[in-house]
Amino acid sequence: MCGIVGYVGKRRLVPVVLEGLKRLEYRGYDSAGIVYLEDGKLQKYRSEGKLQNLENILGEAFGAHSHIGLGHTRWATHGAPTTENAHPHSDCTGDLVVVHNGIIENYHSLRNELIAKGHRFASETDTEVLAHLIEEYLENDLRAAVTQALERVEGSYALGVLWTGLPDTLIAARNHSPLVLGIHEEEGGFLASDIPPLLPYTDQVIFLDDLELAVLRADGYSIYSLESGEEVKKEVETISWNSAMAEKGGYKHFMLKEIYEQPRAIIDTVSGRINPETGSIDLPEMNLSDKDLSQIDKIFLVACGTSWHAALVAKYWIERWAGIQVEVDIASEFRYRKLLINERVLTVSISQSGETADTLAGIRLAKKLGSKIVTICNVVGSTMTREAHGTIYTHAGPEIGVASTKAFTSQLAALFLLTLFLAEKRGTLESDERLLLGKELIRLATVIEEELPRLQADIQKLIESYYDSRDFLFVGRGLNFPIALEGALKLKEISYIHAEGYASGELKHGPIALIDKDMPILGLTPKDAVYQKSISNVEEIKARQGRLILIGTKGDTHLKTITEDVLYLPEVHEELNPILYTIPAQLLAYEIASRRGCDVDQPRNLAKSVTVE
Ligand code: AGP
């Protein structure tokens, strides 16, 4: 998705904005631009492709005396990724510029209206309409003009505005697209689509809510409701992420760093939430009373992509340990089917970013139907956390790599806590069993930390005969079926190898036709309740010369009679195998993608946060 950075303060504008845009690259983009105000004039520069192309245009002296401006990285939605379509966009006078993330759904009619009034457009974008619309209403009050313009707009926006007539002020506004302010009494005022650009300068942030407008100056800010026009008081949040956390920390890629951060992320997500004496689970931010909980007789889990895989695992857990029926939906499908949802249903959305448009639309629909909403999310103050009734934050820290790793295993940890919490409230799990499972979850983090270096070394050797495969199958049964899906998604999204995840038992219903000596298959075969059935399935693959990689329990020598390529993992409580068995699947995808020279952190066509439908 697009990235926005704005600044007003004592520092030189250009370095602050360029560094900020670099920290947003993970959001995915295909062009970039910057604008700053110097000697009363707006200087605007834009380029296609990567940020480096924009930096190549900007010489050292550019903006030497400028301390206010905006930057943007664009992920094309309307109009090709060309320089003309890159933001910032200007009005007819060239004295007003905007940067925007989101989609103006009624831009066609607005554009025709403005053209009829004599406005001249220079791009194919929906965004440029905003510049001309503000111009149309602008006399001498920029905030009023932006407010009037946005009253005409349907759709989503995170917007930054700069006008030569108000040379010390940035205007920002948001609706269904994230925007956060950074404030600091020395450094000045910042605005950005996400937290990383703010981290080198301040940990004091304000998350704008939908239909809010901010007036930002070097010495302060004010925030207004776009609906009432009244000034609103917002909470200033302190971000615990330091700048280093958002850097690579010495790893080759953010993704590898984040794979290794998983033990920490799981511990941070669990800590303080399991009473070490009683095994009682404490999730106060869920904001659900015992009465709310007592009337729940069904749970819907709604998510996309990797987060949907976490939901699939949670279905097994919640139904087994809490005795509540669970339905799992892909959010983009959930929205369009007849939903039998009422106040007796709890809807849980799972989202690393908290901004995924499909998942947001899903919870809004469920809420309208009477359901309480809880979201499991990794970003403090993101839209989903502010629209849900309650939140269970994962504490994975910033996840920069587009392919989700630590956020996923943290989601699983949080979902396991939710399972234990529900079981406790419904009396379906004794405290000693809860305590045991809670302790096993904490022990798991240590197991992962110990195993990671050896696993990575084993996998680096293993992939030499697999990295140039054209296809890959992943198979798992029971709790490990969703992990087969996740392993396949990881591989395809960063290495571009076609990969599919299947329930092991499904192979004989068609996919086994794919098996031959050229087809690599990764089988998840821990010593668990369905072990014998899983072994039968991989024997069927061996009988057809499939190239098997097996991941199984340390000491299970039988696996070596099936294939040479075996990765062993320590025994943990079998309910927690989904978290543990995700790790080698992530490392396999990472090592193969690296070996293929792929852009591991920013895979082609992908965005970290899918804020468009
Ligand atoms: C994860 O590896 C993928 N990049 C993607 O499937 C992601 O899980 C999905 O877009 C959902 O994102 P969210 O968790 O931020 O809602």
Side-chain angles (χ1 to χ4, degrees), residues 1 26-28 75 176-178 193-195 253-256 258-259 262 265 269 301-314 328-335 347-364 373-385 387-388 391-394 396-412 414-415 474 482-483 485-496 499 501 582-583 585-590 593 598-613:
M1 299 304 94
Y26 67 84
R27 296 166 66 85
W75 193 67
H176 298 325
S177 191
S193 309
D194 197 353
I195 293 163
H253 296 106
F254 279 114
M255 183 177 174
L256 186 60
E258 289 150 7
I259 288 172
Q262 291 183 108
T269 296
L301 301 176
V302 182
C304 300
T306 284
S307 300
W308 174 64
H309 297 151
L312 291 171
V313 175
V328 178
D329 272 88
I330 289 173
S332 54
E333 292 299 313
F334 176 78
R335 304 171 56 189
T347 302
V348 178
S349 68
I350 302 160
S351 176
Q352 179 279 131
S353 63
E355 302 297 347
T356 300
D358 288 322
T359 311
L360 272 170
I363 62 167
R364 288 169 183 155
I373 310 293
V374 168
T375 188
I376 293 180
C377 186
N378 193 49
V379 179
V380 168
S382 58
T383 303
M384 221 170 284
T385 64
E387 295 200 9
T391 298
I392 303 176
Y393 278 117
T394 51
E399 185 174 75
I400 309 300
V402 166
S404 188
T405 50
K406 62 176 181 174
F408 173 63
T409 46
S410 303
Q411 287 169 347
L412 289 176
L415 285 160
F474 289 71
I483 306 311
L485 296 175
E486 173 59 10
L489 177 61
K490 285 279 116 14
L491 184 65
K492 73 183 120 190
E493 69 177 328
I494 64 173
S495 74
Y496 316 142
T582 297
I583 309 301
Q586 293 168 342
L587 287 170
L588 183 81
Y590 173 79
C598 294
D599 188 347
V600 170
D601 285 333
Q602 297 168 43
R604 66 184 181 199
N605 309 339
L606 291 183
K608 182 61 183 173
S609 176
V610 185
T611 55
V612 290
E613 296 175 9

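Just so it is clear, the values below take in all heavy atoms, side chains as well, and ignore hydrogens, waters and symmetry mates. Remember, it's 1-based here, ligands and their atoms both numbered in the order they're listed.
Taking 4.0 Å as the cut-off between side-chain N and carboxylate O, Asp599 and Arg604 do not count as a salt-bridged pair. By the 4.0 Å N-to-carboxylate-O rule, Glu355 lies too far from Lys608 to be salt-bridged with it.
A donor-acceptor contact closer than 3.5 angstrom links the side chains of Gln262 and Gln586.
Residue Gln352 has at least one N or O atom closer than 3.5 Å to an N or O atom of ligand 1. No N or O atom of Lys608 sits closer than 3.5 Å to an N or O atom of ligand 1. Checking only distances, Ala607 never comes within under 3.5 Å of ligand 1, N or O to N or O.
Thr347 pairs by the side-chain hydrogen bond (donor to acceptor under 3.5 Å, both in side chains) definition with Ser371, not counting sequence neighbours.
The nearest non-hydrogen atom to atom 6 (O) of ligand 1, considering only Ser609, Gly305, Cys377, Ser382, comes from Gly305.
At least one donor-acceptor pair under 3.5 Å links the side chain of Glu258 to the backbone N or O of Gly401. At least one donor-acceptor pair under 3.5 Å links the side chain of Lys406 to the backbone N or O of Ala396. Under the 3.5 Å distance criterion, the side-chain polar atoms of Thr269 are matched with a main-chain donor or acceptor of Ala265.
Contact detail for Gly354 and Ser382: the closest heavy-atom pair is CA-OG, 3.5 Å.
For ligand 1, the atoms lying closer than 4.0 Å to a non-hydrogen atom of Ala403 are 2 (O). Listed by atom number, the atoms of ligand 1 under 4.0 Å from Ser351 heavy atoms are 13 (P), 14 (O), 15 (O), 16 (O). If you number the atoms of ligand 1 from 1 as listed, the ones under 4.0 Å from a heavy atom of Ser307 come out as 8 (O), 13 (P), 14 (O). Every atom of ligand 1 is numbered from 1 in the order shown, and the set under 4.0 Å from a heavy atom of Ser404 is 1 (C), 2 (O).
Applying side chain to side chain donor-acceptor pair (under 3.5 Å) to Lys490 and the options Thr306, Thr405, Thr582 leaves one that passes, Thr306.
When hydrogens are left out, the protein atom nearest atom 11 (C) of ligand 1 is Cys304 O, 3.5 Å; that is the closest non-hydrogen contact. Ranking protein heavy atoms by distance to atom 3 (C) of ligand 1, first place goes to Glu493 OE1, 3.4 Å. With respect to atom 10 (O) of ligand 1, the closest heavy atom belonging to the protein is Val610 CG2, 4.0 Å. At the top of the distance list for atom 15 (O) of ligand 1, counting protein heavy atoms only, stands Ser353 OG, 2.7 Å. At the shortest separation from atom 16 (O) of ligand 1 among protein heavy atoms lies Thr356 OG1, 2.5 Å.
Heavy atoms of Glu355 found under 4.0 angstrom from ligand 1: none, in either backbone or side chain. Under 4.0 angstrom from ligand 1, the non-hydrogen atoms of Thr306 come from both its backbone and its side chain.
Residue Val402 places a heavy atom under 4.0 Å from ligand 1.
A distance of 13.0 Å separates CD1 in Ile583 from CG in Leu588, rounded to the nearest 0.5 Å.
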